[in-house]
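Below is one structure, written out as structure tokens; the observations come after it.
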Amino acid sequence: MGRYWNEEIECMPREQMVKLQSERLVAQVKHVWDNVPYYRKLMEEKGVTPEDIKGIEDLHKLPFLTKADLRDAYPYGLLAKPLADCVRIQSTSGTTGKRVVAFYTQKDLDIWEDCCARAIVAAGGTNEDVCQVCYGYGLFTGGPGLNGGSHKVGCLTLPMSSGNTERQIQFMMDLGSTILCCTPSYAAYIGESLHKMGYGPDDIKLKAGIFGAEPWTEEMRHEIERLLGIKAYDIYGLTETSGPGVSFECEEQTGMHINEDHFIAEIIDPDTGEVLPEGSKGELVFTSITKEAFPLLRYRTRDICILTREKCSCGRTLVKMTKPMGRSDDMLIIKGVNVFPSQIESVLLKMSNASPNYQIVVDRVNNTDTFEIQVELTDEMFSDTIKSVEAVEKKIGEDIHSMLGIRAKIRLVEPNSIPRSEGKAQRVIDRRKLV
Ligand code: DLL
């Protein structure tokens with residue numbers, strides 16, 4: 001028994017899928033070679049030409065692409081279509097170096113929304129449903145992606161964006177929302193608020209939720225399911241590969257099926273780059289084989305997980321990935337926003353009177369991330385007036401907010417109070433225990 005958006009693809013026999021992937025890969029490699037000088041150079045450096053790629057068995061010959069390449073090529077250097085053919089951009093947060101800008105043609109948008117439609121249908125969605133989308137709208141891919149998928153399925157779509165939780169709950173009750181799409185931490189917060197307002201699962205019509213964009217545990221899943229009286233499904237994706245919908249959970253809830261007709265997944269050793277056999281834990285690498293405007297070949301996601309082809313009771317033959325089990329870089333996801341410690345360092349280094357000794361403390365209290373940055377006072381500042389210290393605190397807070405789009409609690413601490421280390425400085429204390 002299964003609920004599919006595209007049964008032919010989702011349940012396609014393996015040999016047929018390999019054939020489809022191979023054909024698409026060959027065409028995609030030619031497309032980037034012909035249209036993206038940046039790629040051609042990378043391939044030439046590795047001594048590979050499109051003729052060397054005859055099918056997915058040759059994938060390993062291609063060079064990897066990393067976030068550093070995206071930064072080098074920012075903003076237009078990886079574009080594979082004329083700008084006149086592009087109709088949308090989406091982006092990650094971060095005002096400087098770490099920002100990722102992805103481009104879409106109309107066909108790219110259609111495919112992306114189709115992937116999200118598969119996730120909604122796998123969670124039980126039909127055109128009878130009322131789908132409340134509380135991911136952020138705007139440059140973030142969460143809102144636009146699930147919104148588009150919901151339209152495709154024919155759900156009545158509520159483009160709420162995040163925030164204003166009482167109003168979210170009011171709408172949910174008035175309009176009888178049946179599917180909720182948001183980050184898991186926001187889902188838990190909505191659940192708690194519902195109870196605080198004196199209501200419970202019997203007062204709402206929700207049956208399912210599609211939650212992703214940040215790590216979350218099985219315990220959190222059970223908590224959300226209990227608070228809202230729903231079944232909670234995971235969804236994964238990243239801006240670089242379009243956004244949400246690269247993979248999605250089915251009713252078995254034992255990993256997320258990857259939309260393999262659009263993305264080829266590999267697991268590599270993050271240190272050596274060697275491709276690892278099925279079932280190994282390693283870094284997830286994606287090749288997008290249908291994207292026109294912003295195709296990425298062998299893109300290193302930095303997410304650590306395991307792929308499995310064990311038969312799934314839902315009938316889908318698409319490979320499954322586990323929840324990401326961590327990252328091979330130092331990126332943190334705080335309140336759904338991607339944060340690199342180096343971004344915080346760059347804010348501090350720009351201020352002549354702040355010390356570069358800092359520590360980031362992240363925790364999860366009542367299912368919401370807390371974000372504190374402890375910054376050491378310099379000796380001169382320590383003897384300054386409280387007023388001038390407060391001014392520094394405020395300035396750091398504002399600069400962090402404008403850099404990341406989220407607020408941090410800034411705590412100035414005494415000189416030399418942050419432990420020094422002899423090796424790598426421990427910049428991050430993450431108490432959330434997410435994996
Ligand atoms: O978070 C896209 C998205 C939106 C996915 C809505 C799901 C739902 P980025 O902001 O580029 O894109 O962040 C991508 O977030 O590399 C993972 O580390 C993490 N991530 C995304 N989904 C999950 C998930 C969106 N289900 C980065 N579980 C990725 C754990 C996730 N981590």
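Start at 1 and go down the list; that is how both ligands and their atoms are numbered.
Using a 4.0 Å cut-off between heavy atoms, N338 contacts ligand 1 through its side chain alone, with no backbone atom that close. At a 4.0 Å heavy-atom cut-off, ligand 1 touches I333 through the side chain alone. The proximity of A213 to ligand 1, defined as any non-hydrogen pair under 4.0 Å, involves the side chain as well as the backbone. Under 4.0 angstrom from ligand 1, the non-hydrogen atoms of T141 all belong to its side chain. When heavy-atom distances to ligand 1 are checked against a 4.0 Å cut-off, T239 comes that close through both its backbone and its side chain.
The aromatic rings of Y236 and F286 are tilted relative to each other, their planes meeting at an angle between 30° and 60°.
Protein heavy atom in closest approach to atom 29 (C) of ligand 1: D303 OD2, 3.2 Å.
Looking at every heavy atom in both residues, T66 comes nearest to Y299 through C-CE1, 3.7 Å. Looking at every heavy atom in both residues, M160 comes nearest to Y137 through N-CE1, 4.3 Å. Residues F294 and S288 approach most closely at O-OG, 4.4 Å, considering heavy atoms.
P82 is listed as a side-chain neighbour of D85, based on a closest heavy-atom distance under 4.5 Å.
Exactly one residue among N366, N367, T368 makes a side chain to side chain donor-acceptor pair (under 3.5 Å) with E192. That residue is N367.
In terms of N/O distances under 3.5 Å, ligand 1 is not approached by W216. The shortest N or O to N or O distance between I235 and ligand 1 is below 3.5 Å.
For K30, the NZ atom sits in a loose shell: 12 or fewer heavy atoms of surrounding residues, nucleotides or ligands are nearer than 6.0 Å.
Using 4.0 Å as the threshold, E214 has a heavy atom nearer than that to some atom of ligand 1. Under the 4.0 angstrom criterion for non-hydrogen atoms, R327 is in contact with ligand 1.
Counting only non-hydrogen atoms, the option in P184, G237, G212 that gets closest to atom 21 (C) of ligand 1 is G237. Nearest residue to atom 6 (C) of ligand 1 from F211, Y135, Y233 is Y135 (criterion: closest heavy atom).
In this view, S185 and E214 satisfy the side-chain hydrogen bond (donor to acceptor under 3.5 Å, both in side chains) rule, not counting sequence neighbours.
Taking every heavy atom of P215 and a limit of under 4.0 angstrom, the matching atoms of ligand 1 come to 30 (C), 32 (N). The contact set between ligand 1 and T92, taken as ligand atoms under 4.0 Å from a residue heavy atom, comprises 11 (O).
With a 6.0 Å cutoff to the six-membered ring centre and a 45° limit on the axis angle, K291 counts as a cation-pi contact of Y104.
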